[in-house]
2 protein chains.
Amino acid sequence: MSNEQALQQYDVKKYRTPDGYTSDIAVFTILSAKEEAFKPPVMDLKIMLIKRSMVDSEGRPNMEAGKWALPGGFVNPDESAFQSAQRELREETGVDHIHLEHFGVYDAPGRDPRGWIISNAHYAIVPEHQISNREANDDASEVELFSIGHVLDLELAFDHAQIIRDAIAVIRQKLLESAVAKEFLPDEFTYSELQAVLMTVTRDSAITLDAAFARKIKSLPFIEEVEGKKTTRTSKKPTQLYRFIDIEVNNSIYHTKK
Amino acid sequence: MSNEQALQQYDVKKYRTPDGYTSDIAVFTILSAKEEAFKPPVMDLKIMLIKRSMVDSEGRPNMEAGKWALPGGFVNPDESAFQSAQRELREETGVDHIHLEHFGVYDAPGRDPRGWIISNAHYAIVPEHQISNREANDDASEVELFSIGHVLDLELAFDHAQIIRDAIAVIRQKLLESAVAKEFLPDEFTYSELQAVLMTVTRDSAITLDAAFARKIKSLPFIEEVEGKKTTRTSKKPTQLYRFIDIEVNNSIYHTKK
DNA sequence: GCAATAGTGTCTTTTAGACAATATAAG
DNA sequence: CTTATATTGTCTAAAAGACACTATTGC
C-alpha cells in the first residue's frame, strides 16, 4: 500500500502547526423570574459563565485572569473537541451529562495572545435543575448565570463576547425553528409555560396573545394533549397539559406546515 | 496588565498540539441533465472532487494518492480556515470568488494517518458557469463533477466519505429551508426551473405537481413576479419570470408562514 | 361575588388541495 | 390541428385572525 511509503516520507514538522486546540461551551438555561401560586411563569434566558482564576493550577498567573469567560479548555490528543467540551464542563463547573452541540469555530489570527489557538464553540440547552449542582473548580473561581440581556456588559476574556453573541443568535433561532423549547420545560406543560419560554426570544403577537396561542398549540403537529390531565400550577382554573412528541418537523419554506 | 506576566510564563509547549489544521470544501452545482428547446429542465445535483496526485509538489509519494477527495489543504498561521478554504480551492481547481460556508469540524482521533489533524468542512452552492473554468493544479491530477447519487461509490480519501455524506444532508436541508436555491438559478427564472432545482432533493407532491407549484410560487413571500416579463425557454407558451427578493424568511415552527 | 387565567363560539378572510378546463405557440 | 407546457376556474375543506363571551376556582 502506497500510503505507507507516503507516511514514511511525511514530515510532520513541514507545516507550522497550531499552538493549541480548545473547546468552549455556552450553557443556556431558563429561570422563572418569579414563582407565584396560580400564575403563569415569567421567564428569563440565562447563560452560565465562569470567572477565570488569578493563578492557574500550578500557581502561575493565569491568562485573562479575573475576567468572565465561557467554560472550556485545551483538547487532548486522544479526544475530539466535543469530548473535550464535556470534560472541561465537568472539571470546571461540575456539570455533567448534558446534551452539547457544536456551532462554530473561532480561529482568526490573533484571537488569543498566547499564539495560534483554535477554539470550537458548543452550546447546551438545559433546565435549571440539570446545572443546579454547579460549582467552581480548576481554573474557575466562580460560576454564575447571567441574563442574556446583560451578559455582554461584563468584561469578557479573549473573543468570548463574539462567541456569546453568536451563541445567543443560534439559540434564539433554535428555540423558534426546532422543538428544543422542550429542553426548558417539564415533560408535561401548559400552553402558558411554553409561551413563556418562547417569549424569551420573540414578542411576536402569534405567541404573545393568549387566546391565539392556546388554540395554536392544539394544532401543532409535534405537540399533543395529555388526555384528561390538568394542573392548577399556573391558574386557579385547571389547565390542560401537553407534551412534545418525537417527530421530525418539516420546516421547508416551500411547504405548508402540516 | 497582568496578561503580560501570564504570557511571559506561558509555555506554548506545555500542551500537546495538533499536527495539522486543514480545510476541505464541498462545492455543489446543478447541471441540466438534458437541454431541449421548449422543455423544462431536468436537473442533477453534483459535487466537485479532485483526484489526488501520485506525488506531491516536491516529487514525494502523496498520501491517499489516486483517490478522489474534497479539495482542501493545510491552513497557514496567518489565515483562518475559511480563508484557507478559498485559497486551496483556487490553487487546486482554479475556482475563485465563490461563497463558502462552514458546516463542520472533523477531529476524531485517528481520522488521518499522518497524525492529529483537524479539518474544517465548508460547502458552496454555485451555478455551473462559476466553476466552468475548473482545472486540476497543485496536488490534484483531475477535477470532476459527480452526481450525489453515485459519489459515495468512489474510493474516497481519508474520512471524506463521511464529510460528503454530511455535506449532502446539509445542502438538502438548506435548499428547502432557506432561499439558496437562488444560487442555482439565473436571476430571473420560471416556476418549472425552481421546481427542477427543488426536485433534486425532494419528491414531495407540493413541489412535483405543476398546477400546485405554479400557484404556490406566487404566494411565497421571498419571490416576486418580474412584471410583464416572459420567456419561451421552457415551453412554447410564454412563461412568467420570477425573481428572489432579499427578505429574511421567518421559519418558526410556531408561526404561520406569511 | 371578584379577580385572574384558561378556553370556546362565531364570524370573516385566507389558504390549500384537487382536478378540470383553458391558453399559447411551434411545427 | 396536434402537442406540450403553463395557467386559471371552481369547488371544498381547512386554517387563521379577531374579539367577545364563557368556565373554573381561590379567596
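Residue numbering restarts at 1 for every chain, and letters A, B, ... go by the order of the sequence lines.
Nucleotide D/dA6 holds its P atom 11 Å from the CZ atom of B/Arg233, rounded to whole Å. Between A/Leu220 atom CG and D/dA15 atom P the separation is 12 Å, expressed in whole Å. Protein atom NE2 of B/His255 is 12 Å distant from nucleotide atom P of D/dA16, rounded to whole Å. Taking atom CZ of A/Phe213 as the reference point, atom P of D/dG17 lies 13 Å away to the nearest angstrom. For the pair A/Leu241 CG and C/dG7 P, the computed distance is 9 Å after rounding to whole Å. In this structure, the CG atom of A/Leu209 is 9 Å from the C1' atom of D/dG17, given to the nearest Å. Taking atom CG of A/Asp210 as the reference point, atom P of D/dC21 lies 18 Å away to the nearest angstrom. Rounded to whole Å, the distance from CD on B/Glu36 to P on D/dT5 is 9 Å.
In this structure, B/Lys51 has no side chain to side chain donor-acceptor pair (under 3.5 Å) partners at least two apart in sequence or on a different chain. Residues forming a salt bridge (Lys or Arg N to Asp or Glu O under 4.0 Å) with B/Glu91 (at least two apart in sequence, or on another chain): B/Arg87. Every salt bridge (Lys or Arg N to Asp or Glu O under 4.0 Å) that B/Arg233 has, sequence neighbours left out, goes to B/Glu193. Considering only residues two or more places apart in sequence or on other chains, A/Glu92 meets the side chain to side chain donor-acceptor pair (under 3.5 Å) condition with none of them. Residues satisfying the salt bridge (Lys or Arg N to Asp or Glu O under 4.0 Å) test with A/Asp159, not counting sequence neighbours, are A/Arg111. Shown here are the side chain to side chain donor-acceptor pair (under 3.5 Å) partners of B/Ser147, two or more places apart in sequence or in another chain: B/Asp44, B/Lys46. With sequence neighbours left out, B/Arg172 forms a salt bridge (Lys or Arg N to Asp or Glu O under 4.0 Å) with no residue at all.
Here the nucleotide nearest the side chain of B/Lys218, chosen from D/dA6, D/dT7, C/dA26, is D/dT7. Taking every side-chain heavy atom of A/Ser235 into account, C/dT5 is the closest of D/dT5, C/dT5, C/dA26. Which of C/dG7, C/dT5, D/dA6 sits closest to the side chain of A/Thr239 comes down to C/dG7. Among the nucleotides C/dA4, C/dA16, D/dG17, the one closest to any side-chain atom of B/Ser219 is C/dA16. Side chain of B/Thr234, nearest nucleotide from D/dA4, D/dA6, C/dA6: D/dA6. The B/Gln240 side chain lies nearest to D/dT7 when the options are C/dG27, D/dT7, D/dA6.
Taking every heavy atom of both residues into account, A/Phe184 and A/Phe28 meet most closely at CE2-O, 3.7 Å.
For the 3.5 Å distance criterion, the side chains of A/Asp210 and A/Gln195 qualify, holding a donor opposite an acceptor.
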Check against salt bridge (Lys or Arg N to Asp or Glu O under 4.0 Å), B/Arg243 and B/Glu224: CA-CA 6 Å; B/Arg243 70 164 79 89; B/Glu224 68 181 4; 2.7 Å; yes

Nucleotide by nucleotide, 5' to 3', does protein get under 4.0 Å of the base (B), only the sugar-phosphate (S), or neither (-) in nucleotides 20-25 of chain C, counting heavy atoms? ---BBB

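Across residues 188-197 of chain B, B/Tyr191, B/Ser192 each have a non-hydrogen atom less than 4.0 Å from an atom of DNA chain D (numbered order).
With hydrogens and angles ignored, a donor-acceptor pair closer than 3.5 Å exists between the side chain of A/Arg215 and the base of C/dG9.
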